[in-house]
Amino acid sequence: MIDTPRMLLVLSENWTLTGGRADLPAAVRWAREAEDAGFDSVMVSEHVVLGPDAAADGIMGNPRDYALPGNQDPYTPWPNSLLLLSAIASVTERLRLAAAAVLAPLRHPLLMARELGTLDLISEGRLLVQPTVSWSKDEYDALGVPFGRRGRLLDEHLDVWAKAWGPSPISHESEHYPFRDVYFEPKAFRPEGPRLWFGGQRLNGPVLRRLVQYGHGFHPLGRPTPQDLQVLKDAIAAAGRDVAEIEMIGGTQAVFPDDDSTADLGAALASIPEQLEQGFTTFCVKPNQFIDDPDAIGAFCRDVMRRVNALTA
């Protein structure tokens, strides 16, 4: 008997279910229905703005597919993820709240730490944060942030956040965010702050380094190779950490028969047992890839849980 995996409902990029506009009250309702069905978590990603480079490689064929670098309609709605998750926190009790693709370098780290810490307190420690640098130079240019420094800016964010969760006062000497003797109160829910996930298109040096130093979860974009997984395990062990501390986040692969149709749910879930064997325990599913009825999210989530339980029995 394999333990039932944790299922995560992706709430971003589901606007084919809401008539082409961002119906945020519907997303809040879907989260509550996911919790009632037995889902472990929901996820919301973000952009602040999109520019022409969002569609540099051509807009995706099927609008239900995942948004990737260069395949997006610039008109795609991207509401503020932390505000949306705050609303979800207020109507749920145990559902974990994943703020994915938090574009930390676009803010000051003290402001970011304040927003994250407040949401973590509101939700009583249910917040998960996946900070990243993203890929859109147009977005950085619009906000006046140097695109070429985004990796260094993220590293400083992580350093400042770690200080902010600790005792006040705190100071930080750096080129980008220097400050001295500031008091950061209140803290996050846990002494070490919200749980941090890291991932992306590849397990490269910076991603691996941040994951080993700060991370509690690995969320790759796509399926990592066995070699990547071994590199991760070796790096975690070399740092004196237990690989069991790292939550492994997998996913479902939707295959669309054409650009106008939904995918088959059973086929998308079929890889979960194999991923469990590889050590993955949490699995993302995006509802609009499989249904077109916004009022059927609760039934969809219950169907997912039934199918997953059967697969892992």
Checklist entry - side-chain contact (heavy atoms from CB on, under 4.5 Å) with E274: which residues, sequence neighbours excluded? => result R223, Q278
Item to check | Donor-acceptor under 3.5 Å (N14 side chain, N288 main chain) | outcome: yes
Checklist entry - Partners of T132 by side-chain contact (heavy atoms from CB on, under 4.5 Å), sequence neighbours excluded? => result A101, L103
Checklist entry - Looking only at atom types and distance, does a side-chain atom of D53 sit under 3.5 Å from a main-chain N or O of K137, one as donor and one as acceptor? => result yes
Next on the checklist: Any salt bridge linking K187 with E185? Criterion: basic side-chain nitrogen under 4.0 Å from a carboxylate oxygen.
Outcome noted: yes
Checklist entry - What are the two closest heavy atoms between F280 and G250, and how far apart are they? => result CD2-N, 3.5 Å
Item to check | Minimum side-chain heavy-atom gap D264-V255 below 4.5 Å | outcome: no
Item to check | Any L11 side-chain heavy atom under 4.5 Å of I88 side chain | outcome: yes
Checklist outcome for this item: In short, ring pair (Phe, Tyr, Trp, His ring centres under 6.0 Å) pairs touching residues 79-122 with sequence neighbours left out are H108-Y177
Next on the checklist: Any non-hydrogen side-chain atom of P131 less than 4.5 Å from a side-chain atom of Y214?
Outcome noted: no
Item to check | Minimum side-chain heavy-atom gap P194-W161 below 4.5 Å | outcome: no
Checklist entry - If you link I, L, V, M, F, W and Y whenever their side-chain heavy atoms are under 4.5 Å apart, who else ends up in the same group as V10? => result L8, M43, Y66, L128, W197, I249
Checklist entry - Could you give the distance from CG (D159) to NE2 (H172), rounded to the nearest 0.5 Å? => result 5.0 Å
Checklist entry - Apart from L221 itself, what residues make up its hydrophobic cluster, given side-chain heavy atom links below 4.5 Å? => result L68
Next on the checklist: Tell me whether K163 contacts the main-chain N or O of S171 through its side chain, where contact means a donor paired with an acceptor under 3.5 Å.
Outcome noted: yes
Item to check | Test side chain to side chain donor-acceptor pair (under 3.5 Å) applied to D155 and R209, R150, H176, the passing residue | outcome: R209
Checklist outcome for this item: Applying ring-ring contact (aromatic ring centres under 6.0 Å, His included) to W30 and not counting sequence neighbours gives none
Next on the checklist: Has R195 got a side-chain atom pairing as donor or acceptor with G217's backbone, closer than 3.5 angstrom?
Outcome noted: no
Checklist entry - Do L203 and P220 have side-chain heavy atoms sitting under 4.5 Å apart? => result no
Checklist entry - Would you find a donor on one side and an acceptor on the other, under 3.5 Å apart, between the side chain of R210 and the backbone of L158? => result no
Checklist entry - To the nearest 0.5 Å, what is the distance between OG (S81) and CG (L97)? => result 11.0 Å
Checklist entry - What pairs meet the salt bridge (Lys or Arg N to Asp or Glu O under 4.0 Å) rule with one or both residues in residues 165-178, with sequence neighbours excluded? => result R149-E175, E173-R180
Item to check | Linked, directly or transitively: M305 and F290 (ILVMFWY side chains, under 4.5 Å) | outcome: yes
Next on the checklist: Check whether E192 reaches the backbone of W165 with its side chain - one donor and one acceptor, N or O, closer than 3.5 Å.
Outcome noted: no
Next on the checklist: Under the rule for side-chain contact (heavy atoms from CB on, under 4.5 Å), what residues qualify as partners of D57, not counting sequence neighbours?
Outcome noted: none
Next on the checklist: To check you understand the geometry: which heavy-atom pair defines the closest contact between F184 and S168, and what is its length?
Outcome noted: N-OG, 2.9 Å
Next on the checklist: Quick one, L229 and M248 - any side-chain contact, counting heavy atoms below 4.5 Å?
Outcome noted: yes
Item to check | E245 atom CD: more than 12 heavy-atom contacts under 6.0 Å | outcome: yes
Checklist entry - Do I297 and L17 have side chains that get closer than 4.5 Å, going by heavy atoms? => result yes
Checklist entry - Just by modelled atom types, is the A98 backbone N or O under 3.5 Å from a matching donor or acceptor in the Q130 side chain? => result no
Checklist entry - Which residue pairs pass the salt bridge (Lys or Arg N to Asp or Glu O under 4.0 Å) test when at least one of the two sits in residues 96-123, sequence neighbours left out? => result D40-R96, E46-R107, R96-E247
Checklist outcome for this item: Excluding W78, membership of its hydrophobic cluster (Ile, Leu, Val, Met, Phe, Trp, Tyr; side-chain heavy atoms within less than 4.5 Å) reads L50
Checklist entry - Hey, does the side chain of D258 reach the backbone of S261 with a donor-acceptor pair shorter than 3.5 angstrom? => result yes
Next on the checklist: Once salt bridge (Lys or Arg N to Asp or Glu O under 4.0 Å) is applied, what residue pairs with a partner in residues 295-313 remain, sequence neighbours excluded?
Outcome noted: R29-D295, D303-R306, D303-R307
Checklist entry - Residues two or more places apart in sequence or in another chain: which of them pass side-chain contact (heavy atoms from CB on, under 4.5 Å) with N62? => result R64, F256, D259
Checklist outcome for this item: Rounded to the nearest 0.5 Å, the CZ atom of F283 sits from the CG atom of L269 at a distance of 10.0 Å
Item to check | S12 side-chain N/O to S45 backbone N/O, donor-acceptor pair under 3.5 Å | outcome: yes
Item to check | Student check: side-chain heavy atoms of I59 and Q72 closer than 4.5 Å | outcome: no
